[in-house]
Novice: 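Could you have a look at this structure, given as structure tokens, before my questions?
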Amino acid sequence: MIRFTLQRLGGAVLVLLALSVLVFGLIWLAPGDPAKLACGDRCSPAQIAQVRERLGLNDAVLTRYADFVRGIVAGRDYSTGTGVLRCDAPCLGLSYRSDRQVTEVILERLPATASLALGAMVIWLAVGVGAGLLSALRRGGVTERAVTVLTLAATGVPVFILGLLLLMIVCAYLRWLPFPSYVPLSQDPEQWAWNMLLPWLTLGLFESAKYARLTRASTLETLAEDHIRTFRAYGVGERAIVGRHALRGAVPPVIALSALDVGTMFGGAVLTESLFGIPGLGETLIDGVRVIDLPVVTGVVLVMGAAVVLANVVADLLYAAADRRVVLS
């Protein structure tokens, strides 16, 4: 298990290094003058030249990339013209618009995205796994057909349409909840939970369809194995067979997919965050693109990519812990 873990961590480091090269190349080598973007349209050529020198844009590309990676690992210093500004590790640069460290901006928005992803995960596991297990155990009946129809319908509805439907039904028609307005957890935990309920339901119900299908398929595959038939032949109760053996075979793929989806949520919940006004990483990325704040865009994209890579590592480790055959293969 230790060797398996080290292999996965080593692969993750290489992928993150390749990701940093890709992000740096796409953002900083794109057409346009970063110094002019940072300085503004009204800056004179002399002022733009000063900004170019301050940002190190006169250096060679490899030098700039080395400084970029060194800043992430050990921090870096930025010249302000009258002094030196220290950007502590992990330094992802300084925002063009606010002169704040990009790391501070991301850490400020990260809790909102994390709470959205984790809350939605609880819902998609409860609803998806429960529906999939019920469908597998009631195979051929009305329950299975109902679950199949609902999962197919949920798969075909875009997440923003589902969110709008929930807003109209729950807030406008039934008036069970006021329209969501994000409140930080540290400010008012109760209001935070009520205002996050609809975003959680939107993402959770949207994702639960594939978990229902996955759980159903895994459970049926496990129930069809030889050792399950042997247990039944020896008179082992159906409840014990399902609880101790069928679920054990269905759990590993669900765990792995959950870890992947949580990592993806850090970069893929843009529509949900925009719909419900959640100040997370998705909204930060959209704002950065709109005002062409390249350091913010670079930092957010890199963090989103790192979240997906690390989620893959966690998924592999959890799958291996649940099914030792993965480590032995």
Side-chain angles (χ1 to χ4, degrees), residues 1-23 26 72-73 90 92 102-103 105-129 132 155 159 196 199-200 202-215 218 250-273 278 280-286 297-327 329:
M1 187 67 183
I2 294 177
R3 186 181 66 179
F4 180 82
T5 302
L6 293 177
Q7 289 176 346
R8 291 300 180 270
L9 292 176
V13 171
L14 294 178
V15 173
L16 288 174
L17 185 62
L19 178 64
S20 68
V21 175
L22 181 63
V23 171
L26 289 177
I72 296 175
V73 176
L92 297 173
V102 174
T103 307
V105 176
I106 292 175
L107 291 178
E108 187 179 273
R109 300 295 186 94
L110 186 60
T113 298
S115 63
L116 175 62
L118 295 177
M121 182 186 70
V122 174
I123 293 177
W124 77 53
L125 286 178
V127 176
V129 174
T155 304
V159 65
M196 290 294 293
W200 286 338
T202 299
L203 273 181
L205 294 177
F206 178 76
E207 294 289 336
S208 64
K210 63 182 178 184
Y211 284 88
R213 295 197 304 273
L214 177 63
T215 303
S218 300
V251 162
V254 171
I255 291 176
L257 185 59
S258 293
L260 289 174
D261 280 342
V262 169
T264 305
M265 287 295 170
F266 280 85
V270 177
L271 291 175
T272 306
E273 289 181 0
I278 299 175
L281 292 181
E283 187 176 275
T284 304
L285 178 61
I286 292 176
V297 174
T298 303
V300 173
V301 171
L302 191 60
V303 168
M304 289 178 172
V308 174
V309 172
L310 295 178
N312 275 272
V313 175
V314 173
D316 288 341
L317 296 180
L318 291 176
Y319 200 107
D323 188 349
R324 297 290 297 180
R325 293 174 297 180
V326 175
V327 180
S329 61

Novice: Answer whether the closest heavy-atom distance between the side chains of Asn312 and Val308 falls below 4.5 Å.
Specialist: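 They are in contact (side-chain heavy atoms under 4.5 Å apart), so the answer is yes.
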Novice: About how many Å separate CD of Glu283 and OG1 of Thr272, when rounded to the nearest 0.5 Å?
Specialist: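 Spacing of OG1 (Thr272) from CD (Glu283) equals 12.5 Å.
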Novice: Are side-chain heavy atoms of Leu302 and Ile72 found at a separation under 4.5 Å?
Specialist: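 A side-chain contact exists here, since the closest heavy-atom pair is under 4.5 Å.
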Novice: Measuring only between side-chain heavy atoms, which start at C-beta, is Pro199 closer than 4.5 Å to Thr202?
Specialist: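 No, every pair of side-chain atoms sits at 4.5 Å or beyond.
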Novice: Drop me the distance from Glu207's CD to Leu257's CG, to the nearest 0.5 angstrom.
Specialist: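 Rounded to the nearest 0.5 Å, the CD-CG separation comes out at 8.0 Å.
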Novice: Using 0.5 Å steps for rounding, measure from the OG1 atom of Thr103 to the CG atom of Leu110.
Specialist: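 Reported value, rounded in 0.5 Å steps: 11.5 Å.
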Novice: For Arg213, which residues count as a salt bridge (charged side-chain N to carboxylate O under 4.0 Å, His left out) partner, sequence neighbours excluded?
Specialist: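 Here no residue qualifies.
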Novice: Go through the steps for Ser258 and Leu125 under the test side chain to side chain contact (heavy atoms under 4.5 Å, CB included), then give the verdict.
Specialist: CA-CA 8 Å; Ser258 293; Leu125 286 178; 3.2 Å; yes
Novice: Under 3.5 Å, is there a donor-acceptor pair between the side chain of Thr113 and the main chain of Leu281?
Specialist: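 The answer is yes, because a donor-acceptor pair under 3.5 Å joins these two groups.
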Novice: Do Leu317 and Val313 have side chains that get closer than 4.5 Å, going by heavy atoms?
Specialist: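 In short, these two side chains touch, coming nearer than 4.5 Å.
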Novice: Looking at Ser20 and Leu17, would you say the former's side chain and the latter's main chain have a donor-acceptor pair under 3.5 Å?
Specialist: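 Side chain of Ser20 to backbone of Leu17: a pair is present.
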Novice: Check whether any side-chain heavy atom of Leu116 sits under 4.5 Å from a side-chain heavy atom of Met196, and report yes or no.
Specialist: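 Yes; the side chains approach each other to less than 4.5 Å.
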Novice: Do the side chains of Asp261 and Tyr211 get nearer than 4.5 Å, heavy atoms only?
Specialist: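 The answer is yes; the side chains approach within 4.5 Å.
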Novice: Using salt bridge (charged side-chain N to carboxylate O under 4.0 Å, His left out) as the criterion, list what pairs up with Glu273, not counting sequence neighbours.
Specialist: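 Counting only residues at least two positions away or on another chain, Glu273 forms no salt bridge (charged side-chain N to carboxylate O under 4.0 Å, His left out).
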Novice: Using side-chain heavy atoms (C-beta onward) and a distance below 4.5 Å, is Leu92 in contact with Thr298?
Specialist: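 Answer no - side chains too far apart.
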Novice: Write down the atom of Ala306, the atom of Leu19, and the distance for their closest heavy-atom approach.
Specialist: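 Looks like N-CD2, 3.7 Å.
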Novice: Contact between Ile106 and Thr284 at the side-chain level, heavy atoms closer than 4.5 Å - yes or no?
Specialist: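 Counting from C-beta outward, Ile106 and Thr284 never come under 4.5 Å.
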Novice: Looking at residues at least two apart in the chain, or sitting in another chain, which of them share a side-chain hydrogen bond (donor to acceptor under 3.5 Å, both in side chains) with Glu108?
Specialist: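 Checked Glu108 against side-chain hydrogen bond (donor to acceptor under 3.5 Å, both in side chains); matches are Arg100.
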Novice: If I take atom CD1 from residue Ile123 and atom CG from residue Leu203, how far apart are they, to the nearest 0.5 angstrom?
Specialist: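 These two atoms lie 9.0 Å from each other.
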Novice: For Ala112, does its backbone N or O pair with a side-chain atom of Ser115 as donor and acceptor, under 3.5 Å?
Specialist: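 Present.
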